[in-house]
Amino acid sequence: MQIASFNINGIRARAQALLDWLDEDGPDIALLQEIKCTDDAFPRAPFEDRGYRVETHGQKSFNGVAILSRLPLEDVVRGLPGDADDGQARWIEATAIGDVAVRVCGLYLPNGNPAPGPKYDYKLAWMARLEERARALLATEEPVVMAGDYNVIPQAEDAARPEAWAEDALYRPETRAAFRRILNLGLTDAFRVQTRGAGHFTFWDYQRGAWERDDGIRIDHALLSPQAADLLADVRIEAALRGRDKPSDHVPLRLTLSPG
DNA sequence: ATGTCGGCATTGTGCCGA
């Protein structure tokens with residue numbers, strides 16, 4: 001089973017690039033972030049024509065997450081628990097029924113800039129809610145994949161120029177500590193199972209020629225429960241997509257899970 | 001210091017969010 005996470009930065013602006021990617025080497029499941037549209041505005045037909053079921057959790061203009069799946073999905077849940085007043089569409093989960101059943105969670109964690117300030121407070125509060133959701137999911141002792149745009153640079157090696165991010169909400173000590181608290185529940189950063197060291201990025205800003213200079217950061221992550229980590233066969237960052245026409249500023253992170 | 005996008009309110013372009 002292949003599961004990819006991809007912040008597409010607007011489904012309507014990115015539909016053709018996304019379809020080209022799916023046609024070339026589509027994963028079984030794509031967890032999308034920043035669809036930037038309401039559920040009824042999502043262009044479902046071309047994805048359904050390619051055999052993908054489409055589950056969305058959108059809102060007007062900003063944020064929004066979705067699951068595309070060639071496998072059957074059960075028990076779709078929209079919205080991160082823990083704050084009934086939170087109107088931002090940043091979380092969707094479902095159980096994918098492949099050769100093994102996997103709980104797949106797609107997330108778009110708040111950016112949090114400027115920090116400090118109310119947006120940063122919201123980010124940290126959202127991360128506390130994510131920690132609670134992760135605890136509950138881990139208690140099921142089932143394979144769980146929580147993948148998406150975490151807007152967290154975990155360590156200095158995850159930025160080309162870490163000094164430039166020192167005061168940024170993506171890298172501040174409180175942000176990284178909150179991310180570690182989640183990892184320390186017993187989750188695995190899938191990318192780091194296979195690849196150590198610096199220079200592996202999932203995001204390059206549109207500004208300042210960041211892609212051409214390889215001035216990137218690793219902020220898209222897949223966190224695995226122990227039962228999912230047991231299944232992990234491969235992880236790759238599909239960096240080449242960043243060099244295409246009309247790219248997103250993020251690239252896909254793709255996992256292969258296989259039993260036995 | 002700045003450099004770019006996507007979406008929106010709008011028919012020109014400036015604002016917001018990233």
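Here is how names work: the chains are called A, B, and so on, in the same order as the sequence lines, proteins then strands, and each is numbered from 1. These numbers were taken from a predicted model, which means no experiment stands behind them.
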Taking only side-chain nitrogens and oxygens of [X], does any of them come within less than 4.0 Å of OP1 or OP2 of [N]?
| X | N | answer |
| --- | --- | --- |
| R14(A) | dG6(B) | yes |
| R242(A) | dT4(B) | no |
| K119(A) | dG17(B) | yes |
| Q207(A) | dT4(B) | no |
| K36(A) | dC5(B) | no |

Sticking with atom [atom1], work out how far [N] lies from [M], rounded to a whole angstrom.
| N | M | atom1 | value |
| --- | --- | --- | --- |
| dT2(B) | dC15(B) | P | 15 Å |
| dT11(B) | dG7(B) | C1' | 16 Å |
| dG14(B) | dG3(B) | P | 14 Å |

Rounded to whole Å, how long is the line connecting atom [atom1] of [X] with atom [atom2] of [N]?
| X | N | atom1 | atom2 | value |
| --- | --- | --- | --- | --- |
| K246(A) | dG7(B) | NZ | C1' | 12 Å |
| R90(A) | dG17(B) | CZ | C1' | 10 Å |
| R213(A) | dG3(B) | CZ | P | 14 Å |
| R244(A) | dC5(B) | CZ | C1' | 19 Å |
| I219(A) | dA18(B) | CD1 | P | 12 Å |
| R208(A) | dT4(B) | CZ | P | 10 Å |
| N9(A) | dG6(B) | CG | P | 6 Å |
| Y206(A) | dG17(B) | OH | P | 18 Å |

| message | Running the 4.5 Å side-chain criterion over Ile, Leu, Val, Met, Phe, Trp and Tyr, what cluster does F203(A) land in, apart from itself? | response | I153(A), W165(A), L170(A), Y171(A), I217(A), I219(A)

| task | Could you verify whether a donor N or O on one side chain and an acceptor N or O on the other, from N113(A) and D168(A), lie under 3.5 Å apart? | result | yes

Salt bridge [X]-[Y], side-chain N to carboxylate O under 4.0 Å:
| X | Y | answer |
| --- | --- | --- |
| D234(A) | R254(A) | no |
| R53(A) | E48(A) | no |
| D189(A) | R180(A) | no |

| message | At 4.0 Å (heavy atoms only), tell me whether F203(A) reaches a base, stays on the sugar-phosphate, or touches nothing. | response |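 If one applies the 4.0 Å heavy-atom cut-off, F203(A) turns out to touch nothing in the nucleic acid.
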
| note | Heavy-atom nearest nucleotide on DNA chain B taken for D149(A) and for K60(A); more 5' hit belongs to K60(A)

| request: Nearest-nucleotide wise, let me know which of D205(A) and R12(A) is further upstream toward the 5' end of DNA chain B. | output: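 Its nearest nucleotide lies further toward 5', so the answer is D205(A).
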
